[in-house]
Asker: 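The following block contains the structure, expressed as structure tokens.
First the proteins, then the strands, lettered A, B, ... as listed; each starts at 1.
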Number of protein chains: 4
Amino acid sequence: MIIQLDMQSELPIYTQLVNQIIEGIASGRLKPGEPLPSVRSLASDIGINLHTVNKAYTLLKQEGFILVHRQRGVVINPDSMPEITKAYMGKMRGELRPIVAEAISRGMSQEQLLQEMEQIYQEITQTDKEYD
Amino acid sequence: MIIQLDMQSELPIYTQLVNQIIEGIASGRLKPGEPLPSVRSLASDIGINLHTVNKAYTLLKQEGFILVHRQRGVVINPDSMPEITKAYMGKMRGELRPIVAEAISRGMSQEQLLQEMEQIYQEITQTDKEYD
Amino acid sequence: MIIQLDMQSELPIYTQLVNQIIEGIASGRLKPGEPLPSVRSLASDIGINLHTVNKAYTLLKQEGFILVHRQRGVVINPDSMPEITKAYMGKMRGELRPIVAEAISRGMSQEQLLQEMEQIYQEITQTDKEYD
Amino acid sequence: MIIQLDMQSELPIYTQLVNQIIEGIASGRLKPGEPLPSVRSLASDIGINLHTVNKAYTLLKQEGFILVHRQRGVVINPDSMPEITKAYMGKMRGELRPIVAEAISRGMSQEQLLQEMEQIYQEITQTDKEYD
DNA sequence: GTGGTCTAGACCACT
DNA sequence: GTGGTCTAGACCACC
């Protein structure tokens, strides 16, 4: 798992970590049951504080993406991913809405916008298949 | 222009203001050249601090959505909206990516996701046409 | 709001804080919309670190007992308390079960046990009514 | 004696073990004088560390639920179960209190709550009577 | 060794 | 002044 952090980003480090791990799951690079590095080792690997990693793991655990197994350590949830709940859909639409609004106000067509999303979808899912 | 703020949101108030004004533009409710309330009146109308409105207007001005005349006050940019620059596309893709990734990891299909975006696009653009 | 912490307890400080605030809500001493002290002031009042208070508040926020209002600070959720969800019932039963099992193995009758719970229920709800 | 451990639980494994053995006693599946597996065999049976089983047995012995004979091995205390001491009642009430408080704050009535406890009591005591 | 908790001190964004 | 974030160093419980 390669983690790329942007220390200048407005996004908190722990959020970037969460995003990258979720993208890892979405892409198939991180498979159910697969172990994640310990907070300490990941923190020292990417040169941040262990508490920052801990916060990211805690959030991922709360949402159900990962779990802490007493014997195997931190692993991608082997049983199931979080569901598409109403709460999630609400959150997702709330995040999407201002992005779409700005695109419209800049004159982007619906087709262009959908194409962008489609391309991102493809980029994420069709990651190098050497991992399968 | 009706402004709906969520004081419990994680989004800063000034960001919510910016988003709503941009959505107003996208929907056609706010037309080029149309005046916006003064910092002072908007702030007192919605019960927030002057600085907060000021920050929102400043950001909108920087991106080119509005113009601030000393005499004529604040108006929606009558000449042109911000362009679809490379910088903008990069920003937009960066925001879209984690949303798409989470949707994928929760098992949402590309079709579902595109449909969601299409619906949001429609919701914004086909706002009540009494404004035209 | 008087907070009583037991620094020798096996329960983490932030858990004790969470419990006491929830009991404050249950008893009516803390009413919907009522403000809670800031993390800093509460921390210094009870002589603990502000991060510990922060963790307690974060948990209460996640479960919906409190919310952080951008203007009014931290307040008891004025609209609604968390629901009696399936997840909550599962959690509650899982906590209750070992308590009941031990009581049975020590020879406590169902009546005694129910009476204990009833008394606790009464103790919490019939707190000194000077607060109403 | 079937032991069900949840390796993702927040409860330590040894606590889960203790709880399940006490519930076994409460239900009548484990009777006074009945032998329990040796530390070694139980550990290997359920795939956990020797120390973990040892810790559970030590706690059960300290509270008086089991006896550990050098020759006859581990047995459920044949003479008596732990008493309903003041210390125990204090501990029990302390555990019950936050559970009751949360139930109240979520709007659960005293009747509902008592009913829940009654049902758990019944579930534990009216276990399949083939064991009698 | 692991994750979990607590403390301490610092900076920043927001209002 | 508020909450949010990050760092640092420490101790403990668990396995």
Side-chain angles (χ1 to χ4, degrees), chain A residues 5 7 9-17 35-44 46-59 61 66-75, chain B residues 5 7-17 43 46-56, chain C residues 5 7 9-17 35-44 46-59 61 66-75, chain D residues 5 7-17 43 46-56:
Chain A
L5 296 180
M7 305 309 274
S9 168
E10 54 181 358
L11 285 175
I13 296 176
Y14 76 89
T15 302
Q16 297 182 49
L17 245 179
L36 255 49
S38 76
V39 284
R40 279 174 178 78
S41 69
L42 183 52
S44 79
I46 57 186
I48 62 176
N49 192 280
L50 96 177
H51 293 105
T52 308
V53 177
N54 202 0
K55 179 155 189 180
Y57 277 10
T58 300
L59 286 170
K61 187 172 61 179
I66 67 175
L67 48 83
V68 179
H69 189 106
R70 287 200 173 268
Q71 294 170 320
R72 278 175 257 157
V74 180
V75 299
Chain B
L5 296 181
M7 303 314 270
Q8 285 98 54
S9 168
E10 54 182 359
L11 286 177
I13 295 176
Y14 77 89
T15 304
Q16 297 182 51
L17 247 179
I46 54 187
I48 62 177
N49 196 295
L50 281 179
H51 302 357
T52 308
V53 178
N54 215 335
K55 182 158 187 176
Chain C
L5 296 181
M7 305 309 274
S9 166
E10 52 181 0
L11 287 175
I13 297 175
Y14 75 89
T15 303
Q16 297 181 50
L17 246 179
L36 256 49
S38 76
V39 285
R40 278 175 178 79
S41 69
L42 182 51
S44 79
I46 56 186
I48 61 177
N49 192 280
L50 95 176
H51 292 105
T52 307
V53 177
N54 202 0
K55 181 157 187 178
Y57 277 10
T58 302
L59 286 170
K61 188 172 61 178
I66 67 175
L67 47 83
V68 180
H69 189 106
R70 288 198 171 268
Q71 293 169 321
R72 278 174 257 158
V74 180
V75 299
Chain D
L5 297 180
M7 304 313 272
Q8 284 98 56
S9 168
E10 55 182 359
L11 287 176
I13 295 176
Y14 77 89
T15 303
Q16 297 183 51
L17 247 178
I46 54 186
I48 61 176
N49 196 294
L50 281 180
H51 303 355
T52 308
V53 178
N54 214 336
K55 181 156 188 178

Asker: Flag yes if more than 12 heavy atoms outside B/E10 fall under 6.0 Å of its CD atom; otherwise flag no.
Answerer: no
Asker: Take atom CG of C/L42 and atom C1' of F/dG3, then tell me their distance rounded to the nearest Å.
Answerer: 14 Å
Asker: Between A/N54 and E/dG3, is there a contact of a side-chain N or O with OP1 or OP2 at under 4.0 Å?
Answerer: no
Asker: Want to settle it: does C/S41 or A/M7 sit nearer the 5' end of DNA chain F, counting the closest nucleotide to each?
Answerer: C/S41
Asker: Closer than 4.0 Å, any side-chain N/O of B/K55 to the OP1 or OP2 of E/dC14?
Answerer: yes
Asker: In whole angstrom, give the distance that lies between atom CG of A/L59 and atom C1' of E/dG3.
Answerer: 16 Å
Asker: Please state how far atom CG in C/L11 lies from atom P in F/dA13, giving the value in whole angstrom units.
Answerer: 14 Å
Asker: Going by side-chain hydrogen bond (donor to acceptor under 3.5 Å, both in side chains), name the residues that satisfy it together with C/S41, two or more places apart in sequence or in a different chain.
Answerer: C/S38
Asker: Figure out the CZ/P separation between A/R72 and E/dG1, and round it to whole Å.
Answerer: 22 Å
Asker: Tell me which nucleotide among E/dC11, E/dG4, E/dC14 gets nearest to the side chain of C/R40.
Answerer: E/dC11
Asker: For B/E10 and E/dA13, give me the distance from atom CD to atom C1', rounded to whole Å.
Answerer: 14 Å
Asker: Reckon C/I13 touches a base, only the sugar-phosphate, or nothing at all at heavy-atom distances under 4.0 Å?
Answerer: sugar-phosphate
Asker: Measure from the side-chain heavy atoms of C/P12 and tell me the nearest of E/dT2, E/dC6, F/dT5.
Answerer: E/dC6
Asker: Students often get this wrong, so: under 4.0 angstrom with heavy atoms, is A/Y57 touching a base, only sugar-phosphate, or nothing?
Answerer: nothing
Asker: From E/dT5, F/dT5, E/dT15, pick the nucleotide closest to the side chain of B/Y14?
Answerer: E/dT15
Asker: Mark yes or no for whether B/Q16, through its side chain, and B/S9, through its backbone, hold a donor-acceptor pair below 3.5 Å.
Answerer: no
Asker: Could you tell me the separation between the OG1 atom of B/T52 and the CG atom of B/L17, rounded to the nearest 0.5 Å?
Answerer: 8.0 Å
Asker: Can you figure out which of F/dC14, E/dT7, E/dT15 approaches the side chain of C/T52 most closely?
Answerer: E/dT7
Asker: Atom CG of D/L5 and atom P of F/dC14: how far apart are they, to the nearest Å?
Answerer: 15 Å
Asker: Specify the residue among A/R70 and A/N49 whose closest nucleotide of DNA chain F lies further upstream toward the 5′ end.
Answerer: A/N49
Asker: Figure out the CG/P separation between A/L17 and F/dT5, and round it to whole Å.
Answerer: 14 Å
Asker: Determine, stepwise, if the pair D/M7 / D/I13 fulfils side-chain contact (heavy atoms from CB on, under 4.5 Å).
Answerer: CA-CA 7 Å; D/M7 304 313 272; D/I13 295 176; 3.2 Å; yes
Asker: Donor-acceptor pair under 3.5 Å: do we get one between A/H51's side chain and the base of F/dG9?
Answerer: yes
Asker: Given atom CG of B/L50 and atom P of E/dT15, what is their separation to the nearest angstrom?
Answerer: 13 Å
Asker: Once you apply the 3.5 Å cut-off to both distances, tell me the Watson-Crick or G-U wobble partner of F/dC14, or none.
Answerer: E/dG1
